Amino acid sequence: MTTTHESVATPDGVVAPRFRPPAGASSSATLSLDGEWRFRLFPHPETGVDHAERGEDWDRLAVPGHWQLAEAPHAWPYGVPEYNNVLYPFPVDPPHVPDDNPTGEYRTTFRLPADWPEGGRTLLRFEGVDSWFQVALDGELLATSHGSRLPTEVDLTDKLRDGGEHLLAVRVTKWSAMSYVEDQDQWWLSGIFRSVTLEHRPDGAIDDVRVHAGYDHTTGVGALWVDAATVVTGPGAVAARVAVPELGIEGAAGEELRVAVEPWSAEQPRLYDVVVTTDTETVTLAVGFRTVSIEDGVFLVNGRPIKLRGVNRHEFDPLRGRAVTPERMLEDVLLMKRHHINAVRTSHYPPHPHFLDLCDRYGLYVIDENDLETHGFLGESWAGNPTDDPAWTEVLVDRVTRTVRRDAHHASIIMWSLGNEAGGGRNVRAMADAVRALDPSRPIHYEGDYSSDDVDVYSRMYADSAEVELIGQGIEPPLERADADSRRRAMPFVLCEYAHAMGNGPGGLADYDAAFDRHARLLGGFIWEWIDHGLTRTDADGVEFAAYGGDFGERFHDGTFIADGLLLPDRTPSPGLLETAAVFAPIRIDAQPDGTLLVRNRYAFRDTSHAEVGWTLHRGAEVLATGTLDLVLEAGTETVVRPPSDLVLPEPGEAPVWWTVRAVQHKAESLEEAWLEPGFELGAGQLLLVEPASLTAPAGRVSTEADGGFRAGPARFDGRGDLRELAGRTVHDFRVDAWRAPTDNDRRPAKWQGSADEEKWREAGLHLLAERKNGVGVSADGALEIDARIAGPATRAGFATRYRWQPVTDAPDAVDLVVDIRPEGRWPESVARLGVVLALDEPTAAETGVRWTGLGPDESYADSKQAALGGSWQHTVADWQTRYTHPQENGARRGVTSAVLSFTDGTGLRIDAGDVTVGARSQLGIELSLRPWSDDALDRAAHPHELVPDGRLWLHLDAAQHGVGSAACGPGVLANAQLHAAPVRMRLRFTTL
Ligand code: GAL
């Protein structure tokens with residue numbers, strides 16, 4: 001065995017790749033070797049430790065696990081996790097890696113149990129070891145392997161003694177030649193991170209099963225064929241039998257069995273137990289009958305076009321890294337189902353096989369991706385890239401072969417992916433050929449094949465929705481080579497990554513989704529990505545927080561770019577996930593310009609008979625009438641609904657009146673739907689039927705105070721016109737604002753997206769706006785009028801502003817404010833917000849209650865608003881905040897017509913919004929944001945736990961905010977959600993309670 005960790009060679013001393021049945025599916029004996037192993041970390045692969053060394057006095061380390069996380073979240077005795085996106089953290093000098101290469105020596109001992117069956121073979125199976133490793137038994141080196149997210153089996157049969165104790169030694173290096181092909185955007189985490197088992201293989205066992213379970217949608221017949229060629233091995237091989245008891249069919253392996261079946265789809269994941277038996281082993285697999293095909297450029301499952309509304313999922317647990325538990329996998333699957341996600345790309349490697357069992361069972365379409373990424377060669381213009389180097393062909397083909405062999409029996413897998421961001425070259429073809437030979441039934445995906453020569457679907461990442469629209473219409477710019485162009489033009493299109501969900505976002509999801517619905521060629525896509533990879537660690541005071549790149553003192557890292565998921569690291573759904581659920585809703589209910597609601601059944605296979613469609617007429621939270629709509633839509637059909645003609649609408653009052661229609665699933669239809677919560681929402685939409693009554697015109701008079709100041713109801717001003725007091729609280733910093741604590745998307749770490757919004761905003765001084773008063777006086781009708789100019793340093797641009805405060809007649813506790821903002825001079829293409837900011841002294845600001853009428857209950861932005869519905873909602877100021885892993889603008893509630901703040905001392909403040917216009921557009925309500933800290937503090941904080949209430953309640957009352965986009969990697973804010981410096985007028989009323 002001469003290979004080293006720097007060899008470009010396939011694994012040595014290992015068993016040929018084969019399928020992996022789910023845990024418990026085989027009748028053969030297995031023995032888990034998971035548990036506490038003995039462990040020592042050495043600085044170099046030449047550890048100086050013999051494989052026979054027992055390591056009795058070494059440390060103890062949990063297998064499966066990563067050594068870097070052994071004592072997370074408190075201590076890092078074996079080196080820290082390091083985060084890199086694209087660039088290799090070592091010199092690009094393949095296949096060499098640094099001498100400083102932490103190497104773990106693992107030891108465990110085992111005995112075969114007394115009842116371990118006689119005869120046959122015993123295999124040692126590793127589900128995943130990162131990165132390169134050697135396996136020795138009783139001091140003898142038996143195998144070397146790699147392929148961090150791929151299985152390795154070693155035949156121990158001849159080495160095992162009955163009843164004897166055996167010493168298993170595994171040496172694992174952190175870096176190896178294979179690090180060059182495992183350059184995925186994630187933490188570098190090492191060790192035996194998936195389970196280790198001993199597997200008994202009786203003579204005549206079922207060593208490999210290849211299942212083909214197709215479905216003919218024209219006849220309803222399923223065709224089951226279990227490959228016999230490799231089913232039986234061992235002396236005196238006997239033919240395997242295949243049976244599906246539920247269907248009453250049985251036959252020999254290799255024989256095609258045909259019978260009427262219910263097909264499998266992600267919508268209705270029907271599985272049948274297929275029992276494969278020989279005299280010595282029974283394997284029971286949950287098999288789904290389904291056929292994937294591409295016809296006329298359209299991707300079909302069981303003859304019907306489907307849309308992938310998917311996410312990219314990395315394996316991640318905030319304490320355990322990629323050593324995810326079955327509970328976590330289930331949590332992911334259920335969270336996806338609950339948020340109408342129907343597809344997963346296993347970015348960027350084959351997941352733990354149990355995850356695929358769950359996808360089969362609960363219904364998720366899967367692109368299973370090979371463990372291959374060489375992105376770091378991008379900086380070298382791909383020179384020396386393994387993907388184009390014949391020296392690497394065998395290794396890369398071996399990887400993709402192991403992927404397909406392990407996973408091909410899963411119904412959920414609808415495509416194979418050759419890898420991610422590994423450039424182009426001859427090995428793409430070699431891998432594609434290998435996959436086609438193993439499994440011609442599934443299309444091949446690889447985004448890095450730019451002219452789509454070797455793949456079956458046209459795949460891109462981060463194309464904007466306008467380009468996607470062109471591709472949908474089939475009128476995208478041609479490829480240079482005419483043959484490649486016509487081939488690609490006949491392919492379905494998938495966005496393997498889009499809607500980069502970093503921090504506050506993604507914005508613009510609905511624009512993509514609408515394009516998917518418009519064009520048959522568009523198969524849909526996968527949001528980047530499922531979860532923020534924030535690793536839990538404690539700070540000096542023992543407070544836990546989610547750490548990102550650099551938080552472990554790494555010197556070469558990519559910072560916050562690891563936190564770009566729809567889930568916060570602790571799996572709290574972010575507002576982006578709630579938006580995703582609303583955009584992906586299978587029963588979409590959308591308001592139409594003609595005052596109706598369009599209800600669309602977007603299932604490919606099911607009608608809507610499992611859904612109850614109910615409506616509510618409500619004013620804020622007050623329900624005025626309810627009803628149901630007798631509605632069953634066939635798959636793919638739509639209808640228009642409108643409020644009943646005899647509905648009695650109330651006169652305009654304080655709050656708007658909405659007609660809200662919701663489709664909810666009334667009962668679980670199968671065991672697989674047991675996760676449904678009562679009232680599980682399949683879609684919702686609403687119409688605004690009655691606008692609120694306008695605020696009465698104020699006609700009170702401001703009074704002049706003895707100190708030269710002014711009073712207008714609950715508002716007090718000094719002689720300069722500065723607002724000093726409101727609702728009995730001291731006011732700080734009342735003025736016009738156009739800035740926000742930049743989101744990750746505003747910052748745009750992605751160089752290819754042009755200059756960042758944030759940069760332009762800072763150039764225009766939006767973060768340092770200051771006010772100069774031009775005049776203060778009382779108007780003829782009794783209002784306090786303040787003319788001011790708000791501008792940043794070093795620029796002539798500014799906002800000419802008039803504040804007009806006027807007491808409200810017969811309402812001594814109320815004051816009206818009309819703000820007129822007129823931009824002057826040259827402003828950047830966008831501004832963050834337009835409105836006013838103020839801070840009230842409030843020692844318990846975080847506990848302040850807020851009840852508002854407007855869109856909610858969660859935050860929404862101009863391009864992320866599908867999930868927000870009109871109504872009345874409540875929160876505390878603390879709960880109002882979204883604790884993004886990297887603090888940034890959050891929490892805006894739009895369309896707010898009134899809000900009541902309840903302070904802990906029993907007093908309160910009510911804010912009503914009257915007419916609001918932005919440019920030529922008038923709108924209902926304002927955008928409200930509340931915080932117990934300033935935007936400045938929010939901007940400066942690196943982690944949410946660093947934000948501490950500053951004794952003030954900060955309020956933003958905005959006419960509008962700029963959208964959020966997804967420019968951290970994808971396109972910026974689209975024209976339909978940009979905010980430009982425009983004239984703004986807002987009427988607000990403040991009432992002390
Ligand atoms: C893509 C890449 C992903 C991730 C993403 C940015 O280019 O495939 O792995 O890095 O960009 O978050």
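In listed order, ligands and their atoms are each counted from 1. Side chains included, hydrogens not; waters and symmetry mates left out as well; all remaining heavy atoms used. In this text the structure is predicted, and so the values were computed from the model without any measurement.
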request  = Report, in ascending order of atom number, the atoms of ligand 1 lying under 4.0 Å from any heavy atom of Asn420.
outcome  = 2 (C), 8 (O), 9 (O)
request  = Kindly indicate whether a cation-pi arrangement holds for Arg488 with Tyr458, taking the cut-offs as under 6.0 Å to the six-membered ring centre and within 45° of the axis.
outcome  = yes
Member of Asn420, Val86, Leu87, Asp185 meeting the side-chain contact (heavy atoms from CB on, under 4.5 Å) criterion with His375 = Val86
key: Per-atom contacts of ligand 1 with Met461, taking only distances under 4.0 Å to non-hydrogen atoms   = 1 (C), 7 (O), 8 (O)
request  = May I ask you to decide whether Arg489 forms a salt bridge with Glu476, counting only side-chain N to carboxylate O separations under 4.0 Å?
outcome  = yes
request  = Please could you name the atoms of ligand 1 that Glu421 approaches to less than 4.0 Å, counting only its heavy atoms?
outcome  = 1 (C), 2 (C), 7 (O), 8 (O)
note = atom 5 (C) of ligand 1: closest protein heavy atom, distance to 0.1 Å, is Tyr462 OH, 3.4 Å
task = Any atoms of ligand 1 less than 4.0 Å from a non-hydrogen atom of His348? List them with their elements.
result = 3 (C), 8 (O), 9 (O)
inquiry  = So Phe316 and Val324, do their side chains get closer than 4.5 Å, heavy atoms only?
reply    = no
request  = Among all protein heavy atoms, pick out the one at the shortest distance from atom 4 (C) of ligand 1; state its residue, atom name and that distance to 0.1 Å.
outcome  = Asp185 OD2, 3.1 Å
ask   = So is Trp528 polar-close to ligand 1, meaning N/O to N/O under 3.5 Å?
value = yes
task = Name the orientation class of the two ring planes belonging to Phe545 and His945 (parallel below 30°, tilted from 30 to 60°, perpendicular beyond 60°).
result = parallel
ask   = Could Arg320 and Phe193 be counted as a cation-pi pair, given that NZ or CZ must be under 6.0 Å from the ring centre and within 45° of the axis?
value = no
Any pair counted as salt bridge (charged side-chain N to carboxylate O under 4.0 Å, His left out), so long as it reaches residues 562-576, sequence neighbours left out = Asp332-Arg571
note = Note: ligand 1 atoms sitting under 4.0 Å from heavy atoms of Asp564 are 12 (O)
query = What are the atoms of ligand 1, with element, lying closer than 4.0 Å to any heavy atom of Phe561?
reply = 6 (C), 12 (O)
ask   = Is the shortest side-chain N to carboxylate O distance from Arg328 to Glu315 below 4.0 Å?
value = no
message = Out of Glu497, His375, Gln184, who is nearest to atom 8 (O) of ligand 1 when you count heavy atoms only?
response = Glu497
message = List ligand 1 atoms under 4.0 Å from His500, heavy atoms only on the residue side.
response = 6 (C), 12 (O)
task = Would you kindly specify which portion of Val86 sits under 4.0 Å from ligand 1, judged on non-hydrogen atoms: side chain, backbone, both or neither?
result = neither
